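Working notes, structure below.
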Amino acid sequence: MPGTPLLESYAAGRWYAARDEGRPLLDAGTGEEVARISSSGLDLGAMTTYARTVGGPALRALTFHERAGLIKAVAKHLSDPATGIKDELYDLSFRTGATKRDSMVDIDGGFGTLFSIASKGVREMPNDTVYVDGGLEQLGRQGTFVGQHVYTSRPGVAVQINAFNFPVWGMLEKLAPAFIAGMPTIVKPAAQTAFLTELCVRRIIESGILPEGSLQLLAGSPSGLLDELTVQDMVAFTGSAHTAGLLRTHTNVMHGGVQLGVEADSLNCSVLGPDVTVDDPEFDLFVKGVVAEMTVKAGQKCTAIRRAIVPTALADQVVDAVSARLAKIAVGDPRHDDVRMGALVSLDQREEVRKAVQQLRSSAEVAYGDPDRVDLVAGDADRGAFLSPVLLRAQRGAVEPHDVEPFGPVSTVLTYDSLDEAVELAARGKGSLVGSLVTHDPEVARTVVLGLAPWHGRILVLDRDDAGESTGHGSPLPMLVHGGPGRAGGGEELGGVRGVLHHMQRTAIQASPAMMTAVTGRWTKGSPRHDDGVHPFRKSLAELRVGDTIASEPRTVTLADIDHFAEFTGDTFYAHTDPEAAARNPLFGGIVAHGYLVVSLAAGLFVDPDPGPVLANFGVDNLRFLTPVKADDSIAVTLTVKQITPRSSADYGEVRWDAVVVNADGDPVATYDVLTLVAKTWPQDA
Ligand code: NDP
């Protein structure tokens with residue numbers, strides 16, 4: 001019997017071990033066998049059915065907030081020192097060739113992404129199962145026919161097919177948005193580092209936090225997986241352009257309606273602005289950025305800088321400075337404290353990178369490093385997949401740097417003579433995940449960013465002012481989109497709530513206001529209002545209903561009110577204080593009340609002053625002043641409960657109120673949403 005464990009898949013509610021011995025997965029640094037992998041005999045159809053029939057319904061029975069709460073609980077569990085899971089993952093991660101610093105990006109980065117997306121899910125989504133997108137469209141003159149876009153959960157399965165380079169982060173950054181969207185996930189990690197993903201999934205399953213069927217693992221061959229997918233399913237793929245091409249032409253993608261998101265090879269660039277001299281801090285920032293991106297994860301990052309685009313006049317200095325820094329990078333066994341750059345993921349991967357360097361050499365010379373030789377501070381150069389960082393300097397007009405992706409510690413310096421040329425060189429990458437520009441000149445920033453933006457999913461503008469807090473060129477962030485056009489795959493992940501919505505179906509609903517209120521759970525203008533004689537400020541969240549209303553008595557706004565408000569606040573703008581000047585104002589034709597006076601008086605009209613369940617007013621949204629209020633006009637306000645969002649983590653929740661102030665003719669004077677916090681029960685000890 002072989003001595004290393006056979007990785008198991010988690011399928012249809014149980015751990016599954018293949019009956020054959022599987023193929024070995026080797027330690028990137030030592031060549032020792034870590035585990036074996038096989039999924040022979042695994043019933044992929046049973047997995048997708050289980051996801052759709054068990055995981056999906058369980059998830060969709062929860063609100064966005066409840067799902068986000070579970071993702072947060074998973075993040076806490078994985079990162080809690082008491083569980084020891086983080087240490088376990090870090091220990092095993094060494095075997096992928098990653099240094100401790102590399103593992104931070106993968107493991108802590110993955111946990112941070114869970115926390116961040118969970119927090120966005122609670123703060124920016126309703127405590128509901130339907131998400132209202134954008135404003136209401138009035139489709140008929142009378143207001144009896146309206147339109148509203150909504151997002152709902154798809155009753156399918158989200159399959160993630162991941163690359164080898166981020167076995168933890170890659171899995172978690174795709175899991176969290178799919179989960180909050182209400183879609184169960186099947187994880188298919190890249191075989192080479194699947195042992196680390198398997199450990200993380202195993203610990204999540206053991207925690208029992210996630211509903212059964214919402215997370216499954218396929219440790220082994222993906223063969224036949226897409227055959228099992230149907231019209232409500234989706235695939236999020238990260239890996240090579242070659243595999244992406246195979247997936248794109250799968251019949252279920254081409255003809256079966258399976259949604260495919262791709263994040264593939266990307267020849268990311270960093271541009272050094274023409275304003276920068278060797279003495280500027282931006283020069284060092286550029287050099288440090290290139291070196292960091294070449295060496296973190298041994299350059300096996302989809303976001304790494306493959307092309308350093310610099311002014312011709314500075315090329316020698318850039319090459320010298322990058323080379324000098326690379327010379328200080330200690331390469332070797334990632335467990336060793338002095339090592340700054342570990343191994344590539346496998347000997348095969350090292351061969352791939354060497355081949356890519358060979359191709360690049362047809363139009364570039366090696367300025368630093370030897371792809372066939374490396375000095376190690378620790379480790380076995382024959383058995384481990386170690387490679388020296390390699391810096392190339394391209395000839396003018398070189399084609400290969402824009403076509404060949406060396407997925408390792410390799411970067412090529414290219415030169416430009418004008419900003420147009422810099423942008424043109426960047427664009428020759430045919431679409432990238434990320435680009436960066438290092439400049440301290442605002443005009444350069446605007447010109448280059450606008451030139452680069454259509455070719456990139458994310459752009460970092462780095463200078464002395466943001467460097468201290470900058471997260472760097474290569475780090476995708478949970479709140480910003482990750483993905484790029486063209487060669488980068490055309491997919492989009494993350495981006496805060498966008499990443500969740502990406503897994504959902506957007507539908508335009510056309511209906512009467514009352515029906516729209518029923519469908520969305522959010523009061524729609526024109527729907528019936530309920531006035532049961534009890535002031536809604538007397539009702540706790542438990543009693544309050546969408547549509548509950550208070551319509552105030554009218555109040556006259558006098559000239560004395562306007563004078564008093566002007567004097568009291570210091571807002572003596574002429575339209576409120578100078579009758580002659582105000583008369584010449586083409587919009588007002590005389591003294592008008594301050595908009596803020598109107599809103600303040602409206603508050604005076606709608607509040608119930610006694611202590612009660614309304615705890616605080618935390619803001620106003622969408623305030624518009626529509627009709628001027630002149631002295632002696634009368635105003636009245638109607639306040640209606642628009643949306644109720646209980647917080648699971650507090651004994652209160654948010655209530656959004658629709659406020660409409662009208663004049664004596666019934667014309668709307670001001671419209672806005674009032675945002676309040678309201679206790680779940682009242683009196684609070686009830
Ligand atoms: P691959 O495209 O070979 O593999 C990526 C994932 O796809 C793996 O999980 C793999 O599984 C799976 N896969 C392979 N063939 C199929 C198939 N026919 N159907 C479904 N799934 C399939 O990329 P690698 O990870 O091996 O990396 C190779 C290259 O990809 C790198 O050298 C680099 O150029 C690029 N890459 C790009 C990344 C990016 O984010 N832009 C990230 C990582 C790599 P299995 O491992 O079991 O074969």
Side-chain angles (χ1 to χ4, degrees), residues 7-19 37-62 67 70-71 152-163 170-191 194 197-198 200-202 204-205 210-239 243-244 246-262 491 493 500 502-505:
L7 298 183
E8 292 181 321
S9 294
Y10 187 69
R14 66 191 181 93
W15 288 97
Y16 172 85
R19 285 177 190 85
I37 188 164
S38 169
S39 54
S40 69
L42 184 60
D43 186 346
L44 300 178
M47 286 177 82
T48 52
T49 303
Y50 193 72
R52 291 189 205 105
T53 57
V54 178
L59 274 179
R60 292 192 298 278
L62 306 173
R67 294 174 210 154
L70 294 179
I71 290 294
T152 54
S153 301
R154 300 155 66 104
V157 52
V159 170
Q160 46 166 273
I161 301 179
N162 289 328
M171 184 257 293
L172 298 178
E173 65 100 7
K174 290 187 173 89
L175 171 67
F179 188 93
I180 296 175
M183 276 192 116
T185 287
I186 295 176
V187 176
K188 154 67 190 107
T197 310
E198 193 248 17
C200 191
V201 171
R202 190 176 282 279
I204 295 174
I205 298 292
L210 300 188
E212 184 46 52
S214 62
L215 172 61
Q216 297 180 81
L217 174 73
L218 162 53
S221 166
S223 175
L225 183 56
L226 264 74
D227 300 343
E228 300 298 335
L229 302 185
T230 64
V231 63
Q232 287 287 334
D233 302 331
M234 58 189 294
V235 178
F237 170 78
T238 303
T243 309
L246 295 178
L247 299 181
R248 279 200 174 101
T249 53
H250 190 283
T251 182
N252 285 346
V253 173
M254 288 213 300
H255 307 297
V258 173
Q259 184 180 311
L260 173 68
V262 169
E493 296 179 346
V500 177
H502 182 65
H503 291 81
M504 302 180 74
Q505 178 61 42

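The figures here come from the full heavy-atom set of this structure, side chains too, leaving out hydrogens, waters and symmetry mates. Keep in mind it's a predicted model, so treat the numbers as computed, not measured.
- By the side-chain hydrogen bond (donor to acceptor under 3.5 Å, both in side chains) test, Gln216 is found to be paired with no residue, residues two or more places apart in sequence or in another chain being considered.
- Taking CD1 of Ile205 as the start and OH of Tyr10 as the end, the distance is 5.0 Å to the nearest 0.5 Å.
- Contact record, Pro189 with Ala194: CG-CB, 3.8 Å, taken as the closest heavy-atom pair.
- Here Leu172 contributes atom CG and Ile204 contributes atom CD1; the two are 5.5 Å apart, rounded to the nearest 0.5 Å.
- Between Pro211 and Leu70 there is a side-chain heavy-atom pair separated by less than 4.5 Å.
- Scanning for side-chain hydrogen bond (donor to acceptor under 3.5 Å, both in side chains) contacts around Arg248 gives an empty result, with sequence neighbours left out.
- Evaluation of the side chain to side chain contact (heavy atoms under 4.5 Å, CB included) rule for Pro155 yields Arg60, Gln232 as partners, not counting sequence neighbours.
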List the steps and the verdict of side-chain contact (heavy atoms from CB on, under 4.5 Å) for Val235 and Leu229. CA-CA 9 Å; Val235 178; Leu229 302 185; 3.4 Å; yes
Between Val187 and Lys174, does the side-chain contact (heavy atoms from CB on, under 4.5 Å) criterion hold? Intermediate values first, please.
CA-CA 9 Å; Val187 176; Lys174 290 187 173 89; over 6 Å; no
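- Nearest heavy atom pair, residue Ser39 against residue Ala219, reads CB-O, 3.5 Å.
- Residues that satisfy the salt bridge (Lys or Arg N to Asp or Glu O under 4.0 Å) test with Glu228, not counting sequence neighbours, are absent from this structure.
- Listed by chain and residue number, Asn162 satisfy the side-chain hydrogen bond (donor to acceptor under 3.5 Å, both in side chains) test with Gln160 (two or more places apart in sequence, or in another chain).
- Counting all heavy atoms, side chain and backbone alike, Glu8 lies closest to Trp15 at OE1-CB, 3.5 Å.
- Note: Lys188 NZ to Leu218 CG = 6.0 Å, rounded to the nearest 0.5 Å.
- Taking every heavy atom of both residues into account, Leu42 and Ser9 meet most closely at CD2-OG, 3.6 Å.
- Contact check for Leu217 versus Arg202: no side-chain heavy atoms found under the 4.5 Å cut-off.
- For the atom pair OG (Ser214) and CG (Leu175), the distance works out to 7.5 Å, reported to the nearest 0.5 Å.
- Among residues two or more places apart in sequence or in another chain, the salt bridge (Lys or Arg N to Asp or Glu O under 4.0 Å) test is passed with Arg52 by Asp233.
- Taking OG1 from Thr197 and CE from Met171, the interatomic distance works out to 6.0 Å, rounded to the nearest 0.5 Å.
- Partners of Thr53 by side chain to side chain contact (heavy atoms under 4.5 Å, CB included), not counting sequence neighbours, listed by chain and number: Thr49.
- The side chain to side chain contact (heavy atoms under 4.5 Å, CB included) search around His250 returns Leu226, Asp227, Asn252, Val253, not counting sequence neighbours.
- The side chain to side chain contact (heavy atoms under 4.5 Å, CB included) search around Ala190 returns Phe164, not counting sequence neighbours.
- Of all non-hydrogen atoms in Gln259 and His502, the two that sit nearest each other are NE2-O, 3.5 Å.
- Residues meeting the side-chain hydrogen bond (donor to acceptor under 3.5 Å, both in side chains) test with Ser153, sequence neighbours left out: none.
- Scanning for ring pair (Phe, Tyr, Trp, His ring centres under 6.0 Å) contacts around Tyr50 gives an empty result, with sequence neighbours left out.
- Taking the salt bridge (Lys or Arg N to Asp or Glu O under 4.0 Å) definition, one finds that Glu173 meets it with nothing, sequence neighbours left out.
- Contact annotation: the side chain of Leu59 approaches that of Phe179 to within less than 4.5 Å [non-hydrogen atoms, C-beta and beyond].
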request  = Could you please spell out the steps behind the side-chain contact (heavy atoms from CB on, under 4.5 Å) verdict for Thr243 and Ile161?
outcome  = CA-CA 10 Å; Thr243 309; Ile161 301 179; 5.9 Å; no
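- The shortest non-hydrogen separation linking Ser223 to Leu44 is O-CD1, 3.4 Å.
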